[in-house]
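Step one of this worksheet: look at the structure below.
What you are looking at is a predicted structure, and each value in this text was computed from that prediction instead of being measured. All ligand and atom numbering here is 1-based and tracks the order in the structure.
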Amino acid sequence: MTPADYDAWYRTPRGAWIGETEYRLLRDALAPRAGETLLDVGCGTGYFTRRFAKDGFAVTGLDIDPAMLDYARTHAAAGERYLQGDARRLPFPRESFDLAVSVAALCFVEEEGLAVAEILRVTRRRFAIGLLNRRSLLYHDKGRHGGSGAYRGARWHTSKEAAALLEGLPARGVRVSTAVFLADGGRLARLVERVLPRSLPLGALLVVAGVRTAP
Ligand SMILES: C[S@@+](CC[C@H](N)C(=O)[O-])C[C@H]1O[C@@H](n2cnc3c(N)ncnc32)[C@H](O)[C@@H]1O
């Protein structure tokens with residue numbers, strides 16, 4: 001899949017609904033304050049990087065794939081900057097950003113524990129890490145037997161596994177929340193999304209978030 005094809009999905013009715021639903025979950029989990037700096041690890045084509053930047057945050061997107069970054073740079077929307085780098089060795093001093101987010105990226109990173117530790121190292125205040133939920137209907141549709149489409153090769157987590165990634169790291173108030181319970185994005189999906197609580201561990205996107213503490 002090319003970066004343009006990947007990003008075009010976010011402009012389909014289903015992709016736009018999923019993107020915005022996930023953005024709201026991430027934003028609420030981060031509880032950002034006006035003007036804070038934010039790092040987006042594994043930013044891909046920059047969908048969430050742009051979205052946070054449009055809301056007024058000073059955002060840096062980082063990805064390992066130069067083709068994804070080329071697309072993101074040429075579609076930058078609100079002054080966000082992009083850098084190439086590896087989530088397992090982030091090229092920033094400790095506490096460089098107020099906030100850090102990562103969406104559906106660490107599920108493609110070998111040694112995800114290193115990446116989680118790096119995210120906490122460079123963050124001053126809060127973090128939110130979005131993973132794919134193995135207890136979701138989406139997993140049954142797209143995740144089994146090695147996965148299909150954009151999910152091929154992804155690792156899927158349970159909420160317990162997601163919370164366990166923070167064990168032994170400088171974090172407190174760790175919470176797991178989910179969204180996108182029915183991923184077809186139809187009328188029923190939109191209704192269900194309004195009534196089910198985010199604490200229900202069945203949504204396709206699993207977000208583990210918390211406060212970074214002094215190590
Ligand atoms: C499924 S895409 C998600 C992109 C974007 N966060 C989104 O939600 O649209 C996964 C991204 O993780 C990036 N990635 C994979 N391994 C990485 C690593 N070790 N360091 C940084 N980025 C990585 C890939 O290049 C890809 O852009």
Side-chain angles (χ1 to χ4, degrees), residues 1-12 14-27 29-30 38-54 57 59-77 80-92 97 99-123 127-133 136 138-139 142-143 146-157 165 178-180 183 203-209:
M1 187 183 291
T2 67
D5 289 342
Y6 181 88
D7 204 78
W9 177 81
Y10 282 115
R11 292 187 295 280
T12 64
R14 175 170 173 261
W17 177 74
I18 291 179
E20 191 59 23
T21 302
E22 293 183 344
Y23 175 71
R24 284 200 301 268
L25 180 67
L26 292 158
R27 196 185 150 124
L30 275 178
L38 167 66
L39 174 67
D40 180 5
V41 177
C43 64
T45 56
Y47 173 82
F48 290 100
T49 328
R50 289 192 293 278
R51 190 67 186 80
F52 276 105
K54 281 181 190 165
F57 303 101
V59 195
T60 300
L62 175 135
D63 203 280
I64 204 163
D65 182 340
M68 290 295 227
L69 288 170
D70 278 352
Y71 184 97
R73 283 192 188 104
T74 54
H75 293 80
E80 70 275 20
R81 66 175 183 147
Y82 292 95
L83 293 174
Q84 189 176 7
D86 188 332
R88 296 164 296 186
R89 285 182 299 280
L90 292 174
F92 310 107
F97 301 90
L99 309 165
V101 70
S102 180
V103 194
L106 300 197
C107 31
F108 294 96
V109 175
E110 291 300 322
E111 305 160 303
E112 62 189 355
L114 288 182
V116 174
E118 278 292 89
I119 286 173
L120 265 75
R121 183 182 65 78
V122 303
T123 305
F127 62 88
I129 300 171
L131 301 165
L132 297 169
N133 187 1
S136 65
L138 185 68
Y139 174 74
K142 309 267 186 189
S148 58
Y151 302 99
R152 184 173 300 281
R155 207 173 318 104
W156 297 66
H157 296 75
L165 288 172
T178 78
V180 189
L205 185 74
L206 197 58
V207 171
V208 57

Side chain to side chain donor-acceptor pair (under 3.5 Å) with Gln84: which residues, sequence neighbours excluded?
none
Charged N-O contact under 4.0 Å between Glu20 and Arg51
yes
Does Leu132 reach the side chain of Lys142, with side-chain heavy atoms less than 4.5 Å apart?
no
Under 4.0 Å from ligand 1, counting heavy atoms only: the protein residues, by chain and number:
Tyr6, Tyr10, Gly42, Cys43, Gly44, Phe48, Asp63, Ile64, Asp65, Met68, Gly85, Asp86, Ala87, Val103, Ala104, Ala105, Phe108, Val109
Would you please name every residue forming a ring pair (Phe, Tyr, Trp, His ring centres under 6.0 Å) with Phe52, sequence neighbours left out?
Tyr23
Where the side chain of Thr45 meets the backbone of Pro3, is there a donor-acceptor pair that is under 3.5 Å apart?
no
Name all residues meeting the side chain to side chain contact (heavy atoms under 4.5 Å, CB included) criterion together with Thr123; count only those two or more places apart in sequence or in a different chain, and write none if there are none.
Ala100, Ile119, Arg212
